[in-house]
2 protein chains.
Amino acid sequence: MGKGRVTVIDIAKAAGVSKSTVSLVLQASPLVNEITRGKVNAVMRELGYVYNRGAANLRQANARSKIIGIVVNDLTNSFFAELAVGVDTVVQSAGFVQFLSNTSENLDRQREVIASMREHGVSGLIVSPARGTEALDMKPLVAAGIPVVLVVRSVPGAKVSSLVSDNHAGTSAAVEHLTLLGHRRIAFVGGFPDTAVFDERLSGYREAMANTNEGFSEELVISSAPSRAGGVEAIGQGMAMAEPPTAAVCFNDAVAFGVCDGLRARRIEPGRDFAVVGFDNVIEAKTTVPALTTISVDPQGIGQRAAQMLLKQINAGKPEAEQVVSAVRLIVRESCGAADNNPGRRLA
Amino acid sequence: MGKGRVTVIDIAKAAGVSKSTVSLVLQASPLVNEITRGKVNAVMRELGYVYNRGAANLRQANARSKIIGIVVNDLTNSFFAELAVGVDTVVQSAGFVQFLSNTSENLDRQREVIASMREHGVSGLIVSPARGTEALDMKPLVAAGIPVVLVVRSVPGAKVSSLVSDNHAGTSAAVEHLTLLGHRRIAFVGGFPDTAVFDERLSGYREAMANTNEGFSEELVISSAPSRAGGVEAIGQGMAMAEPPTAAVCFNDAVAFGVCDGLRARRIEPGRDFAVVGFDNVIEAKTTVPALTTISVDPQGIGQRAAQMLLKQINAGKPEAEQVVSAVRLIVRESCGAADNNPGRRLA
DNA sequence: TGACAGAATTGGAACGTTCCAATTATTAAC
DNA sequence: GTTAATAATTGGAACGTTCCAATTCTGTCA
């Protein structure tokens, strides 16, 4: 229709007021008369006015736009999709909208995406950093006073808030539970040794094992890709031992599913002949057969919590970095053998 | 550090040139001398300059920002996560960044999110519309000349491009395949009856069934939520029939996984005792046990194609709406019982 | 009626960028 | 050594909004 876009001045002209008054209406100022407000609003609807956030942002150098950015390293992993949904629920009720971008674990892409979000004046950022992210990458953000909350992975040395789950406590609880069920040979399966998350989960396992009669033994740690395929491969290695394990604490749920596949291929039924515990509690965990015993980190909950931390920072003005470790709990289902009809029975 | 943000004028001053020159450097204009360019770039890095896209956008009323928006109706469904990844790959190589928002099937939220994206001056929009979206909702977008590509679901009457998959042909092919394998009682399982996608998939099933000896029968259509849980529930209903089905064409892969779970819970092994066919070919489909026979709509491919359509429109200036129906093909894996070692064997 | 307070409205400057037309510097051609 | 052509640079206006200070309008009170 019209050639140019419709501006606050067009509205003013059509409503017979000044642009300043229109601006006041836009910000719901109590200064403007109810009758005027109604008229202006009517004209805006009629002409199909679209607020130009860019222009507004330009003027009010302090107040940022009402968007918060979320940057994840692997959107195809449903863990992150759910995390984003959790963030969204909180953020939207605070009147923000969330823009999400995916880095696919690519550092360059991450830089680009974060830069782009800054250019658009995001109010804050929730980031699940790509592998290899350094404190240096976060520096410009804190220098600019942009609130940031790191989730899932923390970046050592970065002066920003972070929210990670208690990996140590999780694997530790898994080992204790399996010990109570009578297992002695408990393996730690899957994951790449060069990540912080792996270290934390392994250390929980190690500490708990050291407290058992069996003690900790290096040979029961079998690393692999943190994927379903990795799990299949790792358990193959484990079952080839002279004295194979009777239970496995897995790096994550994907690995755990792979372990189940691998066991079945050897005619060993997970949950009956062998105990498997995962980590993450992804959505499929409770519906697969056997239902997976796992450590719940509740992706949506993490998202909500991260969003709250971020909003707090945004409202506080002065971003105060805080490090939060989110508690974790063991969800006992079938794959560990504890949930069946004769709970006293010893496995293997 | 500095009080205000660092602007193009600060750079100009520090580099001893005019702001116009800095602007030219910013847009990589060939007009500026290499030496000058280098100096300016150096100063920008040094002072930590951040491009203010808002201000730029303000001036160049025509050229929009380099972001494209993608709006999906259910991010927890990995179909959409993968679609987004597909869009991203194309869009990012064209120098855009993608911002994603989730509507959770909520019309109000969808309006909000689209408005917000408009305010930020997106160059184009890829939308998987929430249930109940009307042509009216798209009207302001086309009026404003913003390129839009609808995916997955189309909106009748909306004058925008759309890219949907050939749902009718998909379920039809599934039924034919199952018939060839010897099945007669084939159920259609899952999905809500009030959506266009459901209608299309059901009509393909209906037509193909009508061509079999068995014929189409209403009782074999069991609707449910289009989720894993919905699949579990629906197959429970199905197996309780006097003459239960021996095969199921499912509304989507999520439902199909649920059906497999439900069958196993009844000691019926999917792929051996019962044939299951999904729809979507999500990434897990090929790695689950049994691997899922499904209709491939290749979420990433759809995303890429949609992105290409959108970019074409953006570059063309005048958005020319086109309706594309994307072909679909049956991927035969294990869950239908056809891929095992004795292919001649009749099931159930 | 005049003065005054408070409510409501308003014009202009400013935000950080790009575009345009104009200017200056450099090189080429005779 | 002048002219023309080209390369490089530049100041000012403009984009759509908000903020500030100033103005006008309304009603109240002496």
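Labels below follow one simple rule: chain letters A, B, ... track the order of the sequence lines, proteins then strands, and each chain is numbered from 1.
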Engineer: Could you state the NZ-P distance from A:Lys13 to C:dT10, rounded to the nearest angstrom?
Structural biologist: 14 Å
Engineer: Please list, in numerical order, the residues of residues 37-45 of chain B that have a heavy atom closer than 4.0 Å to any atom of DNA chain D.
Structural biologist: none
Engineer: Without swapping roles, check the side chain of A:Gln313 against the backbone of A:Pro147 for a donor-acceptor pair under 3.5 Å.
Structural biologist: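 Here the side-chain-to-backbone pair does not exist.
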Engineer: Could you state the atom-to-atom distance from CZ of B:Arg59 to C1' of C:dC15 in whole Å?
Structural biologist: 15 Å
Engineer: Could you check how far NZ of B:Lys19 sits from P of C:dA14, rounded to whole Å?
Structural biologist: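 Value for this atom pair: 15 Å.
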Engineer: Would you kindly give the CG-to-P distance between B:Asn52 and D:dC15, to the nearest whole Å?
Structural biologist: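 Taking atom P of D:dC15 as the reference, CG of B:Asn52 is at 18 Å.
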Engineer: Do the side-chain N or O atoms of B:Thr21 get closer than 4.0 angstrom to the phosphate oxygens (OP1, OP2) of D:dT9?
Structural biologist: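 Result: no.
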Engineer: Determine, stepwise, if the pair B:Ser154 / B:Gln323 fulfils side-chain hydrogen bond (donor to acceptor under 3.5 Å, both in side chains).
Structural biologist: CA-CA 9 Å; B:Ser154 67; B:Gln323 316 302 323; over 6 Å; no
Engineer: Counting N and O atoms only, with roles assigned by atom type, does the side chain of A:Asp137 sit under 3.5 Å from a partner on the main chain of A:Glu134, one being a donor and the other an acceptor?
Structural biologist: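 Yes; judged by distance alone, with no hydrogens or angles, the pair exists.
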Engineer: What is the distance, to the nearest angstrom, from the CG atom on B:Leu24 to the C1' atom on D:dT10?
Structural biologist: 10 Å
Engineer: B:Gln27 CD to C:dC19 C1': how many Å, rounded?
Structural biologist: 9 Å
Engineer: Is any side-chain nitrogen or oxygen of B:Ser23 closer than 4.0 Å to OP1 or OP2 of C:dT18?
Structural biologist: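 Affirmative; the distance criterion is met.
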Engineer: Considering only NZ, NE, NH1 and NH2 on the basic side and carboxylate oxygens on the acidic side, decide whether B:Arg153 and B:Glu105 come within less than 4.0 Å.
Structural biologist: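 Yes, charged N to carboxylate O under 4.0 Å.
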Engineer: To the side chain of B:Leu58, which of D:dT10, D:dT9, C:dG16 is closest?
Structural biologist: C:dG16
Engineer: Show your reasoning for whether side-chain hydrogen bond (donor to acceptor under 3.5 Å, both in side chains) applies to A:Ser23 and A:Gln27.
Structural biologist: CA-CA 7 Å; A:Ser23 173; A:Gln27 357 186 11; 3.0 Å; yes
Engineer: From A:Leu83 CG over to B:Thr76 OG1, what is the distance, rounded to the nearest 0.5 angstrom?
Structural biologist: 13.0 Å
Engineer: Provide the closest heavy-atom pair for A:Ala84 versus A:Ile70 in the form atom of the first, atom of the second, distance.
Structural biologist: CA-CD1, 4.0 Å
Engineer: On DNA chain D, compare the nucleotides closest to B:Ala55 and B:Ser18; which residue's is nearer the 5' end?
Structural biologist: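 That would be B:Ser18.
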Engineer: Check the distance between C:dC15's C1' and B:Arg53's CZ and give it to me in whole angstrom.
Structural biologist: 18 Å
Engineer: Please give, in whole Å, the distance from D:dG16 C1' to A:Leu26 CG?
Structural biologist: 11 Å
Engineer: Would you mind building the protein contact string for nucleotides 20-26 of chain D? One character per nucleotide, 5' to 3', B for base within reach (heavy atoms under 4.0 Å), S for sugar-phosphate only, - for untouched.
Structural biologist: -------
Engineer: Tell me if the NZ atom of A:Lys139 is crowded by more than 12 foreign heavy atoms within 6.0 Å.
Structural biologist: no
Engineer: What contact category does A:Thr7 fall into here, base, sugar-phosphate, or nothing, at under 4.0 angstrom with non-hydrogen atoms?
Structural biologist: sugar-phosphate
Engineer: Verify the ring-centre separation between B:Phe99 and B:His120: is it less than 6.0 angstrom?
Structural biologist: no
